[in-house]
Amino acid sequence: MKFAYYPGCSQEGSALDYGKSTGALCAALGIELAEIPGWSCCGSTPAHAVDTQLSAALCARNLDLAAREGADQVVTPCPSCLSNLRLAADRMKEPAFRKGVNELLDAPAAEVLPESTSVMQLIGRVYDADTLASRVKNPLSGIKLAAYYGCLMSRPADVMQFGDPENPTLMETLLSACGAEMVEFPLKTVCCGASFGIPERPLTARNSGRILELATRLGVDAIAVACPLCQMNLDLRQKQAAKAEDAHFHMPVLYFTQLMGLAMGIAPEHLGLDQLCVSAGPLLRKMDAARAAQSAKGTEAKGGKA
Amino acid sequence: MMNAISLGRMRDPAFTREVEERSGQDISTCYQCGNCTAGCPAGFVYDRQVNQIMRGVQLGLKEQVLKSNAVWFCLGCSMCSLRCPNNIDVARVMETLRHMARHEGDVTVPRVEKFWLSFLDTVRAFGRTWEIGTMALYMFRSLRLTTDLDLAPAALKRHKLPFIPKCAPDEGAAAAGRILARYKERARAKGVRP
Ligand code: SF4
Ligand code: SF4
């Protein structure tokens with residue numbers, strides 16, 4: 001199967017670290033990502049808020065490019081891009097809609113457009129938990145995490161096909177294979193406030209605040225995320241959220257690719273960890289301490305008394 | 001009954017039909033259980049809750065529905081659709097209402113629309129979004145000149161906001177620009193707000 005990689009705009013801006021860690025992780029796992037040449041923006045929320053066919057046209061251009069590259073599937077790290085790409089491909093099956101979209105394109109889109117999937121699902125498909133665990137060099141032992149998916153990854157359920165739309169578990173499967181302890185996180189698919197941080201701050205601050213508050217109460221070392229917008233709301237906007245909740249947070253928010261990358265033994269600087277606003281330092285130190293304790297135990301078991 | 005509201009005079013059955021047709025949803029099946037509202041993360045800023053919007057659509061209360069701020073503050077998270085016992089795609093109805101409100105020129109929360117249009121302007125120019133560009137255009141349009149200034153130091157220090165936009169290569173920028181240009185042209189020809 002041939003995969004075409006659609007990074008999405010945020011990978012070049014506010015989510016540089018997601019792009020970096022996705023690239024490094026996939027390389028370490030032997031998954032080849034061939035970027036779609038000349039890809040353009042999917043239109044994100046603003047395009048579909050304005051017009052469904054506009055959104056579909058911006059997506060169809062990219063799906064068409066991928067089809068012409070001979071790709072069977074498009075893979076993207078971003079849930080918002082994924083949702084738009086999948087919705088567009090679905091709606092393009094309807095002739096009247098397709099006609100309207102084709103009017104907006106330079107040339108009619110390919111009859112058969114490739115399916116799209118997420119980087120997370122692709123990894124989950126290539127690796128079962130045991131095989132993944134066997135690749136781990138630096139286990140996330142001693143690390144407690146909450147998996148937060150956001151609202152778009154699993155909904156609408158029939159479009160996204162991501163398992164239980166209120167209780168997806170793929171991120172937990174991948175991260176526990178990497179050695180982390182995963183907590184039950186009831187807010188895992190509740191919206192963080194999306195892009196309303198700019199036009200209506202309370203909408204984002206209150207919703208993100210609730211998520212950060214629960215994670216703090218559960219005593220996790222970090223929140224694991226898959227969406228650039230969720231990451232920005234929970235990390236860069238963490239102080240705004242704290243103010244809305246009248247609380248104080250210090251909660252690292254890492255992309256699942258950064259966490260898995262660490263487990264695969266990739267150096268933090270190749271995973272963009274220096275770009276987090278709330279430092280992952282304590283988490284890294286905890287991992288080091290757990291590893292040191294483990295190897296001390298190992299030496300003891302071998303009878304070596306240093 | 002001097003101040004009774006005459007519902008009959010405000011009702012527009014064609015509105016109900018239009019929403020149903022455009023959204024593809026059978027709105028008559030809504031029995032006001034309130035599940036959609038219970039799970040809605042944006043309800044606390046709405047002037048009318050999402051179940052009230054649904055009732056308004058059933059009754060054909062076009063004005064009240066299209067002028068509600070809920071149409072603009074809806075996050076599109078689909079929690080309502082997931083939890084509706086009658087399988088109504090409520091989020092799709094909300095999006096349909098947003099489109100209809102724009103076409104009618106009812107923009108109750110203009111800054112939300114200004115943000116979207118600023119975003120799309122950067123896509124038209126570069127083929128990809130550009131955060132700083134979107135922010136600058138938005139601040140200019142909305143005259144909210146201090147939006148998120150508190151975040152700038154942290155974001156810039158971590159190289160999260162590039163000062164120079166990334167253009168989509170290989171004709172990508174121009175092609176995306178043409179899609180947006182054709183869309184605008186078509187909307188104008190139809191006489192609707194692009
Ligand atoms: S959940 Fe469905 S049936 Fe219940 S009030 Fe909302 S739209 Fe109506
Ligand atoms: S899609 Fe809109 S109306 Fe529905 S739950 Fe989300 S924010 Fe509320």
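Proteins get letters first, then strands, A, B, ... in listed order; numbering begins at 1 in each.
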Enquirer: Please look at A:Glu103 and chain B and tell me whether the side chain, the backbone, both or neither of the residue comes under 4.5 angstrom of a heavy atom of that chain.
Expert: both
Enquirer: Heavy-atom distance under 4.5 Å to chain A: side chain of B:Arg186, backbone, both or neither?
Expert: side chain
Enquirer: Above 12 or not: heavy atoms from other molecules or residues under 6.0 Å from CG of A:Asp246?
Expert: no
Enquirer: Mind ranking B:Arg102, B:Glu171, B:Arg98, B:Met94 by heavy-atom pairs under 4.5 Å with chain A and telling me who comes out on top?
Expert: B:Arg102
Enquirer: May I ask you to name which of A:Leu152, A:Leu58, A:Val190, A:Thr189 has the most heavy-atom pairs under 4.5 Å with chain B?
Expert: A:Leu58
Enquirer: Side chain, backbone, both or neither: which part of B:Phe115 has an atom under 4.5 Å from a heavy atom of chain A?
Expert: side chain
Enquirer: Where does B:Ile179 contact chain A at under 4.5 Å (heavy atoms): side chain, backbone, both or neither?
Expert: both
Enquirer: Let's test your reading of the structure: which of A:Gly193, A:Ser40, A:Pro37, A:Pro156 forms the most heavy-atom pairs below 4.5 Å with chain B?
Expert: A:Ser40
Enquirer: Could you check whether B:Gln52 and B:Arg55, counting side-chain N and O atoms only, form a donor-acceptor pair closer than 3.5 Å?
Expert: no
Enquirer: Which answer fits A:Arg210, side chain, backbone, both or neither, if we ask what part of it has an atom under 4.5 Å from a heavy atom of chain B?
Expert: neither
Enquirer: Under a 4.5 Å heavy-atom cut-off, does chain B meet the side chain of A:Asn207, its backbone, both or neither?
Expert: side chain
Enquirer: Any sub-3.5 Å donor-acceptor pair from A:Tyr6's side-chain atoms to A:Leu85's backbone N or O?
Expert: no
Enquirer: Heavy-atom pairs under 4.5 Å with chain A are the metric here; pick the option from B:His103, B:Arg92, B:Glu185 that has the most.
Expert: B:Arg92
Enquirer: Is a donor from one side chain sitting under 3.5 angstrom from an acceptor on the other, for B:Asn69 and B:Thr108?
Expert: no
Enquirer: Please step through side-chain hydrogen bond (donor to acceptor under 3.5 Å, both in side chains) for the pair A:Asn233 and A:Thr204, ending with a clear verdict.
Expert: CA-CA 7 Å; A:Asn233 285 340; A:Thr204 298; 4.6 Å; no
Enquirer: Flag the pair B:Glu104 and B:Arg193 as a salt bridge only when some basic side-chain nitrogen lies within less than 4.0 angstrom of an acidic carboxylate oxygen.
Expert: no
Enquirer: Between A:Asp158 and A:Arg86 (salt bridge meaning N to carboxylate O under 4.0 Å), is one present in this structure?
Expert: no
Enquirer: So do the side chains of A:Pro77 and A:Tyr18 get within less than 4.5 Å of each other, counting heavy atoms only?
Expert: yes
Enquirer: Shorter than 4.5 Å, heavy atoms on both sides: which option in A:Leu65, A:Thr45, A:Leu105 has the most such pairs with chain B?
Expert: A:Leu105
Enquirer: Could you please spell out the steps behind the side-chain hydrogen bond (donor to acceptor under 3.5 Å, both in side chains) verdict for A:Ser21 and A:Thr257?
Expert: CA-CA 6 Å; A:Ser21 55; A:Thr257 45; 2.8 Å; yes
Enquirer: Identify which part of B:Val45 has an atom lying under 4.5 Å from any heavy atom of chain A, answering side chain, backbone, both or neither.
Expert: side chain
Enquirer: Cationic tip of A:Arg206 within the cone over B:Phe44's six-membered ring, i.e. under 6.0 Å and within 45° of the normal?
Expert: yes
Enquirer: Under a 4.5 Å heavy-atom cut-off, does chain B meet the side chain of A:Asp274, its backbone, both or neither?
Expert: backbone
Enquirer: A:Thr52 versus chain B, heavy atoms under 4.5 Å apart: side chain, backbone, both or neither?
Expert: both
Enquirer: Name the region of B:Thr129, side chain, backbone, both or neither, that has any atom closer than 4.5 Å to a heavy atom of chain A.
Expert: both
Enquirer: Of the listed residues (A:Ala194, A:Pro165, A:Ser10, A:Ser83), which shares the most heavy-atom pairs with chain B below a 4.5 Å separation?
Expert: A:Pro165
Enquirer: Out of B:Cys74, B:Ser78, B:Gly39, return the one with the most heavy atom pairs under 4.5 angstrom to chain A.
Expert: B:Ser78
Enquirer: Just wondering, are more than 12 heavy atoms of other shown residues or ligands nearer than 6.0 Å to CD in B:Gln32?
Expert: yes
Enquirer: Just give me the residue among A:Gly38, A:Pro199, A:Gly272 that pairs up with chain B most often, heavy atom to heavy atom, under 4.5 Å.
Expert: A:Pro199
Enquirer: Report the option among A:Arg237, A:Gln53, A:Lys239 that has the most heavy-atom pairs separated by less than 4.5 Å from atoms of chain B.
Expert: A:Arg237
Enquirer: Within 45 degrees of the ring normal and closer than 6.0 Å to the centroid, is that where the cationic atom of B:Arg111 sits relative to B:Trp116?
Expert: no
